[in-house]
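What follows is a single structure, written as C-alpha cells, with notes after it.
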Amino acid sequence: KKGEERDNWWGAYFSERLRLTTDEDDVEGRQKILDYLLRPNNTRLDVILTAMKNRQSWVLRLMLNKGYVNLESQASANAFLLRNAKELIFLESGHIPSSMTTKCCLCFVAVQYDDLQSLQFLCESFGTPPVEFVCGWNLLHFSAFMGRIEVVGWLSTQDQPVWNSFVSQSCGWKPFQGAFAPHIAISR
C-alpha cells in the first residue's frame, strides 16, 4: 500500500512538472511575469540561453518582440556571452569572432541546444539563416556535426541560393577541414 501511494505521488508530481514545462495553459502567466522582471535596460542573454537549453522558444519570441535584444549587435560585445563562451561548442577555444552578430550566435546556439522552433523564429522573422562561417562552421556543418536531422531538413527548405551556399561550402574546422556536411554527419 505504501508503494502504491509513493508511486501515485511521484506520478502526480512528474505529471505536474511536465505540465508546467509545456507551452499551453501556463505560458500567458509566465510571459507576464517575465515581462515584469525584464526591462530593456535589464535584459541579459542568459535568460534566452537558458530558455533555449530548455526549448522554451516563447521566451526568445517575447524578448525579441518587445525589442529587448538587438540581433544586429556584435555578439562579442555582450558580457554574458563572453563569460559563457566556453559552453558554446561551435566556438574555437571559447573565442567569439568580432564579426559575429547576436542573431548568428543565437542561431548556432539553437542548433547546439536542438531548439528548432527558436531557429525558425529567428530566421523567419528576422531574415534568412546566416550563411557566414563561424570558426570554420556554417549552420549546415554544425547541424550535421550535432546530428540535428530536423534542422538539416528545415535548412533544406530555405531559398535555393541560401541552401546552395550551405552545401557548396566545405568545413574549415580542423578535424573536418575540407569536408562537406554529409561527410561530417557520417563520421559522427
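Values below: every heavy atom of this structure, side chains too, minus hydrogens, waters and symmetry copies.
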Minimum-distance pair of heavy atoms, taken over all atoms of Ser57 and Ser118: CB-OG, 3.3 Å
From CD (Gln56) to CD1 (Ile48), nearest 0.5 Å: 13.5 Å
Gap separating the OG atom of Ser165 from the CG atom of Leu140, nearest 0.5 angstrom: 10.0 Å
Parallel, tilted or perpendicular, as decided by the 30° and 60° cut-offs, for the rings of Phe142 and Phe108: tilted
Check against side-chain contact (heavy atoms from CB on, under 4.5 Å), Tyr68 and Leu62: CA-CA 9 Å; Tyr68 291 167; Leu62 173 76; 5.8 Å; no
Residues Phe121, Leu64; criterion side-chain contact (heavy atoms from CB on, under 4.5 Å); working and verdict: CA-CA 10 Å; Phe121 176 74; Leu64 291 174; 3.6 Å; yes
Single-linkage hydrophobic cluster, 4.5 Å side-chain cutoff, Ile149 and Ile184 together: no
Parallel, tilted or perpendicular: rings of Trp163 and Phe166 (30°, 60°): perpendicular
Criterion side-chain contact (heavy atoms from CB on, under 4.5 Å) on Trp154 and Cys123, from CA distance to verdict: CA-CA 11 Å; Trp154 180 78; Cys123 298; 3.5 Å; yes
Donor-acceptor contact below 3.5 Å, side chain Asn78 vs main chain Phe80: yes
4.5 Å side-chain heavy-atom contact, Gln112 and Phe90: yes
Joint hydrophobic cluster, Val162 plus Leu116, side-chain heavy atoms closer than 4.5 Å: yes
Residue Leu82 excluded, over 12 heavy atoms near CG under 6.0 Å: yes
Check: Ser98 main-chain N/O paired with Gln74 side-chain donor or acceptor under 3.5 Å: yes
Rounded distance [0.5 Å steps], SG in Cys135 versus NE2 in His95: 7.0 Å
Listed once per pair and sorted, the salt bridge (Lys or Arg N to Asp or Glu O under 4.0 Å) pairs that draw on residues 91-120, sequence neighbours left out: Arg55-Asp114, Asp114-Arg148
Note, Leu106 side chain near Leu49 side chain (heavy atom, < 4.5 Å): yes
Distance, nearest 0.5 Å, that separates CG of Leu88 from NZ of Lys86: 12.0 Å
Where at least one partner belongs to residues 128-144, residue pairs that pass side-chain hydrogen bond (donor to acceptor under 3.5 Å, both in side chains), sequence neighbours excluded: Asn138-His141, Asn138-Gln169
Derivation and outcome, side-chain contact (heavy atoms from CB on, under 4.5 Å), residues Leu91 and Ile96: CA-CA 6 Å; Leu91 297 175; Ile96 300 174; 3.6 Å; yes
ILVMFWY network linking Leu139 to Val131, side-chain heavy atoms under 4.5 angstrom: yes
Where Cys171 and Phe133 come nearest, the two heavy atoms and their spacing: CA-CE2, 4.5 Å
The single option from Leu71, Leu81, Val134 passing side-chain contact (heavy atoms from CB on, under 4.5 Å) against Cys105: Leu81
Point-to-point distance, once rounded to the nearest 0.5 Å, from CH2 of Trp58 to CZ of Arg61: 9.5 Å
